[in-house]
Amino acid sequence: AMMIALASMHDLPCILVPGGVTLPASDGEDAGTVQSIGARFAHGEASLEHAAESLCRACASPGGGCQFLGTAATSQVIGEALGLSLAHSALAPSGQEIWLDMAVRSARSLILMEKQGIKTKDIITDKSIINAMAVHAAFGGSTNLLLHLPAIAHAANRNRPTIEDWTRINREVPRIVDVLPNGPKFHPTVRVFLAGGVPEVMLHLRNLGLLNLKVPTASGLILNDLLDWWQGSERRARLKARLKSKDKIDSADVIMTPNTAKKKGLTSTVTFPKGNIAPQGSVIKSTSIDPSVVDNDGVYRKIGPSRVFIKEVDAIKAIKSRGDNQVKPGEILVLMCRGPAGTGMEEVYQITSALKHLSFGKDIAVITDARFSGVSTGACIGHVGPEALAGGPISKLRDGDLIKIVIDRNKLEGSVDFIGTKNNPLNPQEGAKVLEKRKPSFPLSEDKDLPDDTRLWAALQNVSGGTWGGCVFDVDRIVKVLETG
């Protein structure tokens, strides 16, 4: 929201001061993992004593974003990659001296921007937006930025990135950062900062020829000159040495060269599957699927029976259950009516976190028209379109339906299809015809307490380009639709 507000200040100088990140506990679970403690306790995989202690230990400092690359941390990365923040400001340890120093220097840079006549519209350009998308892919950022960055672009009067743009960039840009929640070693975000953060990643992308280097930044320098400074800076060397001395971690194991990342099994960040369940598309952070359930050719393949829910609370109860209603390994959890029209598009992290950290969770996939938390991982397909309440085929799925999921993590191609039932298998084309004739499996409606302004937002953002358009109000398009009836 802050970046959207700043992006709309076209003719003013603006600078973004990131909130930094919370330090991880020296002995305990990170703030993402610990949120699954209820599900693990329900299945006897965590004791009450462990739960109580872990919840008290998860955060080692107050303030800042989480220790993982969720939506808050990814937003900091994107802000810096756009040029709105000073170099090496994203993911700084919140409240610490180095973070406070960054705030002071940001104020000085804002004064310099005013003197030099640098305006926000000079910084947020189509080229800087492409840079931000490349950095997002290299980091393995939150899927929520697939919505937020188009909204920022819209506020700045720039071209909004499309699914085709995201797909192209993710095919070009390798993921080179090892950070929570993606792995493989799951370093906390503060280690990424100590390893060099955004400018370190951009050095690698510059070497690959994947950046627009002449874009201006809030520092007053163009990006290429800024990266030249960073490469030889004392700050870069000092913080890498601190990471080595304090945590015994080599910075090159956190932010890797593309060749090293490939050897360690890191894959590009997101894939946009389509199919007879998601004819308008969907999204999965394919890089975070558990490698043990991916075939040797880099393709995740799953066929399983569906378990269908229309309320998140019911799905969570079934995940926690140890009775007959438990969601079992091999099944595919389908959660519908959770998109913009149903709930205002709630996030469903309690489901994805539970499956991530339960011992059997990697063998359960998720398909939903909801959105995910930035820390969601696993074989979880979200933003299925059309959503159930817009008449999407997902609304016609029933318990026991066979679903086939194929996600190629190398080619970034995927499909999600209804393929009949155990006793009546179908191919995807036949399945599409069956879904077309079916009625919805449940009485469909938005949440009973959904406010009218949320319902209005859902309708207007749908006219304005929907989820992939940033969930914004495109006034010109809305007026045109109203005038044409």
Side-chain angles (χ1 to χ4, degrees), residues 18-25 29-35 58-61 64-81 88-94 132 134-145 170 173-205 239-240 242-244 246-258 260-270 285-291 349 352-353 356-357 372-378 409:
V21 297
T22 307
L23 294 176
E29 296 180 354
D30 68 88
T33 303
V34 79
Q35 291 183 59
C59 296
S61 64
C66 296
Q67 308 114 328
F68 46 79
L69 196 69
T71 301
T74 305
S75 295
Q76 294 182 33
V77 167
I78 291 299
E80 186 176 332
H88 201 232
S89 58
L91 313 182
S94 184
V135 172
H136 177 278
F139 265 83
S142 160
T143 57
N144 280 327
L145 270 294
N170 274 268
V173 178
R175 179 167 75 90
I176 60 174
V177 179
D178 182 349
V179 63
L180 286 164
N182 302 322
K185 295 296 184 182
F186 305 102
H187 296 291
T189 42
V190 71
R191 284 185 183 164
V192 180
F193 176 79
L194 294 172
V198 172
E200 193 71 19
V201 170
M202 288 184 120
L203 285 178
H204 290 292
L205 298 183
L239 292 179
K240 286 186 176 186
R242 183 179 179 87
L243 177 62
K244 186 72 172 179
K246 292 290 185 180
D247 289 358
K248 305 298 185 288
I249 300 293
D250 191 323
S251 63
D253 291 330
V254 181
I255 299 175
M256 310 174 202
T257 66
T260 299
K262 186 175 183 179
K263 289 178 182 177
K264 292 192 175 183
L266 277 69
T267 59
S268 296
T269 299
V270 293
K285 189 190 272 190
S286 47
T287 193
S288 67
I289 300 174
D290 191 305
Y349 179 59
T352 59
S353 68
K356 164 102 173 161
H357 298 290
F372 294 132
S373 163
V375 70
S376 292
T377 58
R409 303 203 306 169

Measure from the side-chain N and O atoms of [X] to the backbone N and O of [Y], and report whether any donor-acceptor pair falls under 3.5 Å.
X	Y	result
Thr22	Gly65	yes
Arg409	Ser286	yes
Asp178	Phe186	yes
Asn170	Ser268	no
His136	Ser142	yes
Thr189	Cys66	yes

Distance from [X] atom [atom1] to [Y] atom [atom2], nearest 0.5 Å?
X	Y	atom1	atom2	result
Arg242	Ser251	CZ	OG	14.5 Å
Leu194	Leu91	CG	CG	10.0 Å
Leu266	Lys263	CG	NZ	13.5 Å

Side chains of Thr287 and Thr267: is there a donor and an acceptor less than 3.5 Å apart? yes

Which residues share a side-chain contact (heavy atoms from CB on, under 4.5 Å) with Pro18, sequence neighbours left out: Gln76, Ser85, Ser89, Met102

Lys264 meets the side chain to side chain donor-acceptor pair (under 3.5 Å) criterion, sequence neighbours left out, with Asp253

For Ser353, enumerate each residue passing the side chain to side chain donor-acceptor pair (under 3.5 Å) test, keeping only those at least two apart in sequence or located in another chain. none

Ser94 and Gly19 have their tightest heavy-atom pair at OG-O, 3.0 Å

